[in-house]
Amino acid sequence: MNTIYQAKAIVLEKPESVVLSELKLSPVTETDVVVDIEWSGISTGTEKLLWSGRMPHFPGMGYPLVPGYESVGKIYQAGIRSGYQPGQRVFVPGARCFGDVKGLFGGAASRVVVPASRVIGVDNKLGAEAVLFALAATAHHVTSAEWSQQPDLIIGHGVLGRLIARIAVLAGKTPVVWETDADRRTGAIGYEVIDPKADQKRYYKTIVDVSGDAALLDTLISCLAPGGEIVLAGFYDAPMTFSFPQAFMREARIRVAAQWQPKDLLAVKHLAESGRLSLDGLITHHASPAHADKAYRQAFSDKDCLKMVLDWRTLQ
């Protein structure tokens, strides 16, 4: 297990500077797996903030870094204590195996070395759609606590908003989704997507925001039923404030949905592999890592691009 591997990786050298570089990987231990990545997704939330330089500072932040927390590939080498076998397809939620280059997420590479405890086996039939496990787990986490309620109103009809809505429909709810972009109001399955200006309802019990718009809080509170809850499930790069009297009159609750947990990943794996949770129609664009700069710019600027996936097999 002393072989030192190299990999091609997406490196964000500084804001708005993406290159494909050759990097040396960390030594492989008995509890690691070496995964040849087939597909990796580009996040239009946290990764867009990293790319633009607007990501609020937190531990592990800095440049240069390897992004990517939505990767799928096949195990090339498995440590004797890993519990896996070569050839198994797994979902990889990132890696930290790039030496001096930060692996803040670290999944956007042709090959990664990662502890076996971090990966999870996936059904081969899902193919590239398995990159959506991270967002699906995030969606599941929003309402995974016993006391949580499925949303009556969802703000934003991107990939995360659609997954939250699909999970709510599985639970028997028929949520309303607000979307300001007319082109993104398509693709609803079992729920309604409307222009927020056309909505006159003011008594939503549970509202989930995935817009990332820090200025929306007062608007959402004005639509909340007494004793209702607003769940902040996006990632916000600006401070959030609200007018206290309106929230006071409604006895509003405001909750931040944190990062998904392993149980959320297992739950969405079961839902997706059983066919109950559809991942269809969410990946709209593919690109080769050789054209990474163009792919990242398109992912962050093209409104028709719900999810951009890098196909690492094109480099073979």
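This one's a predicted model, so the numbers in the text were calculated from it and none came from an experiment. Only heavy atoms go into these numbers, but all of them, side chains included; no hydrogens, no water, no symmetry mates.
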Self-check item: Test side-chain contact (heavy atoms from CB on, under 4.5 Å) applied to Tyr63 and Val11, step by step
Solution: CA-CA 9 Å; Tyr63 303 94; Val11 177; over 6 Å; no
Is the backbone N or O of [Y] less than 3.5 Å from a side-chain atom of [X], with the two atoms forming a donor-acceptor pair by type?
| X | Y | answer |
| --- | --- | --- |
| Tyr204 | Leu220 | no |
| Lys269 | Ala130 | no |
| Ser82 | Val33 | no |
| Arg89 | Asp123 | no |
| Gln6 | Glu22 | no |
| Arg255 | Val142 | yes |
| Lys102 | Gly62 | no |
| Arg250 | Ile221 | yes |
| Arg313 | Ile37 | no |
| Lys74 | Glu38 | no |

Is there a chain of hydrophobic side chains (I, L, V, M, F, W, Y, each step under 4.5 Å between heavy atoms) that links [X] to [Y]?
| X | Y | value |
| --- | --- | --- |
| Leu282 | Leu265 | yes |
| Leu25 | Tyr84 | yes |
| Leu135 | Val231 | yes |
| Val131 | Val122 | yes |
| Trp178 | Ile189 | no |

Would you call [X] and [Y] a side-chain contact if the rule is heavy atoms closer than 4.5 Å?
| X | Y | result |
| --- | --- | --- |
| Pro93 | Trp260 | yes |
| Asp32 | Pro115 | yes |
| Trp51 | Arg297 | yes |
| Asp302 | Met308 | no |
| Gln246 | Leu224 | no |
| Leu12 | Tyr296 | no |
| Thr138 | Val210 | no |
| Tyr69 | Gln259 | no |

Quiz item: Among side-chain atoms of His141 and Asp264, is any donor-acceptor pair under 3.5 angstrom?
Solution: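 Side chains of His141 and Asp264: pair found under 3.5 Å.
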Exercise. Assess the side chains of Glu47 and Ser43: does a donor N or O sit below 3.5 Å from an acceptor N or O?
Key: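 Absent: no donor and acceptor within the cut-off.
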If you round to the nearest 0.5 Å, how far is [atom2] of [Y] from [atom1] of [X]?
| X | Y | atom1 | atom2 | result |
| --- | --- | --- | --- | --- |
| Thr206 | Leu153 | OG1 | CG | 10.0 Å |
| Ile194 | Arg185 | CD1 | CZ | 9.0 Å |
| Leu65 | Phe105 | CG | CZ | 8.5 Å |
| Met55 | Lys48 | CE | NZ | 12.5 Å |
| Ile283 | Lys307 | CD1 | NZ | 8.0 Å |
| Leu160 | Leu132 | CG | CG | 11.0 Å |

On a heavy-atom basis, which atom in [X] and which in [Y] lie closest, and how many Å separate them?
| X | Y | value |
| --- | --- | --- |
| Trp312 | Ala9 | CH2-CA, 4.3 Å |
| Ala292 | Val18 | CB-CG1, 3.9 Å |
| Val208 | Pro151 | CG2-CB, 3.6 Å |
| Val193 | Ala188 | CG2-CB, 3.7 Å |
| Pro239 | Ala214 | O-CB, 3.8 Å |
| Val112 | Ala95 | CB-CB, 3.9 Å |

Within a reach of under 6.0 Å around [atom1] of [X], are more than 12 heavy atoms found that belong to other residues, nucleotides or ligands?
| X | atom1 | answer |
| --- | --- | --- |
| Lys303 | NZ | no |
| His286 | NE2 | yes |
| Arg96 | CZ | no |
| Arg81 | CZ | no |
| Asp100 | CG | no |

Quiz prompt | Chi angles and distances behind the side-chain contact (heavy atoms from CB on, under 4.5 Å) call for Val169, Gln150 | solution = CA-CA 9 Å; Val169 170; Gln150 292 294 334; over 6 Å; no
Self-check item: Derivation and outcome, side-chain contact (heavy atoms from CB on, under 4.5 Å), residues Arg162 and Leu306
Solution: CA-CA 10 Å; Arg162 292 169 195 238; Leu306 286 176; 3.7 Å; yes
Should the ring pair [X] and [Y] be called parallel, tilted or perpendicular, given that the plane angle runs from 0 to 90° and is split at 30 and 60?
| X | Y | answer |
| --- | --- | --- |
| Tyr5 | Tyr76 | perpendicular |
| Phe133 | Phe91 | tilted |
| His157 | Tyr191 | perpendicular |

Quiz item: Step by step, would you call Asp152 with Lys173 a side-chain contact (heavy atoms from CB on, under 4.5 Å)?
Solution: CA-CA 7 Å; Asp152 302 292; Lys173 265 290 179 72; 2.9 Å; yes
Quiz item: Can Asp199 and Lys201 be counted as an ion pair, charged N to O under 4.0 angstrom?
Solution: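 So Asp199 does not pair with Lys201 through a salt bridge.
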